[in-house]
Amino acid sequence: MRRRSLLIAVPAGMVTLAACGDDKDDSSKANESASPSAPETSAAPSPKIVDGPLPAITAGTKFGQKPTVAKGSGDPSKDLAVKTVIAGGGKVVAENDYIQADYLGQIWSTGKVFDNSYDPKTPLLIQLSQGRIIDGWRYALTGKKAGSRVEMAVPPTWGYGKDGEPRAGIKGTDTLVFVVDILDTFNAKSSAKGDVVAQDNVDLPTVGTNTDGKAPSLEVPKTDPPKKLVANYVLEGDGDEVTAANSVLVQYKGVQWDTGKEFDSTYANKQLASFSLQQVVKGWSQGLTGKKVGSRVLIVIPPELGYGDNPQPGSGISKGATLVFTVDILAKM
């Protein structure tokens, strides 16, 4: 089942990455599915969290394995039932973090699996914030640690509400059972952690190599900008390579070559950015394709691969500007 769980709209203020001259958003078609993204409205009261009942995991019991979960027995709780099946030792998940997780979801009463990320080998990448994800996930996973396996039974109030999710066969009365393996968690203090790569071309900008979550320095030389795209490692990670079809979660900041003036930054906005490489300027898509997750990348984008003579109004970008970015690739989907 195709998922629409990853919301790839550029957050407010992050206007400078969207591709010019194309207002179509095909992401909803490419990622449609039922779970666990939020229904149209998400304003339920905070749930009481209880220990059970929860169906047994009968196979695939190790972290990272696709679980087999028994059908629910008897009536489910009217409250949110949550159990840490395997306790991880990683970073603690906070509300509004982005998490990367594998999961399986099924209906309590029938045991019917309606979605999972294990079969397509595509972990979910989504923000634990109201309106982005069903409230059951938001409440159940906050406070858990990366490396944990969490099982939950989500009543309709904190799932898809009285309307259910017809595309997945979920009725408005269905309690949903999820098993979630939390692979990692990211927030506004996250940083690339790769190996330092020498920056020995004096004609290119120099990027700081700090990994403390603060914005790295970005110094532009007093020379003419390169005519072609530059995409060089500053820190080289050891994750999977990004493809042109991926969506990515990043930290970044951008300046104009001629002025050195910053026009956009996740660091300043204290908010990570998540988007599809099919929906950004060509310089970003080409520059990040083939780069490894966990890396920091210097990208220098000539006008023809950026905004040319048509920068977005209010972006702070001049006509014909060469753009310079430092980008931390935190995760991909």
Side-chain angles (χ1 to χ4, degrees), residues 1-6 33-38 47 49-93 95 97-128 132-160 164-165 168-171 174-185 331 333:
M1 180 179 289
R2 295 180 300 175
R3 292 197 298 284
R4 62 177 179 88
S5 299
L6 177 58
S33 117
S35 110
S37 54
I49 297 179
V50 297
D51 294 333
L54 286 163
I57 300 173
T58 59
T61 57
K62 295 181 179 180
F63 184 88
Q65 292 181 336
K66 180 184 177 182
T68 300
V69 184
K71 185 176 72 170
S73 176
D75 293 330
S77 175
K78 299 297 183 184
D79 299 312
L80 178 62
V82 182
K83 178 182 180 181
T84 300
V85 180
I86 298 171
K91 294 173 289 186
V92 176
V93 177
E95 187 169 0
D97 280 3
Y98 282 83
I99 62 165
Q100 191 158 41
D102 275 315
Y103 74 98
L104 177 140
Q106 68 184 47
I107 297 171
W108 174 283
S109 60
T110 64
K112 177 188 175 183
V113 174
F114 56 81
D115 203 7
N116 88 92
S117 67
Y118 298 92
D119 288 339
K121 295 180 172 57
T122 306
L124 178 68
L125 181 62
I126 198 165
Q127 189 175 21
L128 285 185
R132 292 285 186 103
I133 195 167
I134 59 172
D135 285 330
W137 273 54
R138 189 163 61 90
Y139 288 112
L141 298 182
T142 295
K144 305 301 184 185
K145 292 183 178 181
S148 296
R149 167 167 284 191
V150 179
E151 185 179 12
M152 68 183 89
V154 182
T157 301
W158 298 283
Y160 291 98
E165 180 47 85
I170 298 171
K171 302 190 297 292
D174 283 334
T175 288
L176 309 179
V177 177
F178 291 98
V179 175
V180 182
D181 288 337
I182 307 172
L183 303 175
D184 209 343
T185 184
M333 178 176 170

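The CZ atom of Arg138 lies 12.5 Å from the CZ atom of Arg132; values are rounded to the nearest 0.5 Å. Atoms CG and OG, on Leu176 and Ser109 in that order, are 9.5 Å from each other to the nearest 0.5 Å. Annotation: the span from Leu80 atom CG to Trp158 atom CH2 amounts to 7.0 Å, rounded to 0.5 Å. Atom CG in Asp75 sits 8.5 Å away from atom CH2 in Trp108 (nearest 0.5 Å). Taking NZ of Lys112 as the start and CD1 of Ile107 as the end, the distance is 5.5 Å to the nearest 0.5 Å. How far OH of Tyr98 is from OG1 of Thr185: 11.5 Å, rounded to the nearest 0.5 Å.
Other residues, nucleotides and ligands place more than 12 heavy atoms under 6.0 Å from the NZ atom of Lys91.
When every heavy atom of Pro155 is checked against every heavy atom of Ser77, the shortest pair comes out as CG-O, 3.7 Å. Contact detail for Pro67 and Tyr118: the closest heavy-atom pair is CD-CE1, 3.5 Å. Annotation for Pro55 and Val69: closest pair CB-CG1, 3.8 Å, computed over non-hydrogen atoms. Contact record, Gln100 with Ala331: OE1-CB, 3.8 Å, taken as the closest heavy-atom pair. Nearest approach of Trp137 to Met152, heavy atoms of both residues: CD1-SD, 3.8 Å.
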Exercise for review: Go through Lys144 and Thr84 one step at a time and tell me if the side-chain hydrogen bond (donor to acceptor under 3.5 Å, both in side chains) criterion holds.
Suggested key: CA-CA 8 Å; Lys144 305 301 184 185; Thr84 300; 2.9 Å; yes
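Ionic pairing of Lys66 and Asp119 is present here: one or more N-O contacts between side-chain nitrogen and carboxylate oxygen are shorter than 4.0 angstrom.
Of the candidates Ile86, Asp102, Ile182, Val180, Arg149 forms a side-chain contact (heavy atoms from CB on, under 4.5 Å) with just one, namely Ile86.
Checked by atom type, the side-chain pair Asp115/Tyr103 shows a donor-acceptor distance below 3.5 Å.
Put simply, the side chain of Pro53 does not reach to within 4.5 Å of the side chain of Pro76, judged on heavy atoms. Contact of the Val177 side chain with the Glu151 side chain is registered, since non-hydrogen atoms from C-beta on lie closer than 4.5 Å. Side-chain atoms of Ile134 and Tyr160, non-hydrogen and from C-beta on, do get closer than 4.5 Å to each other.
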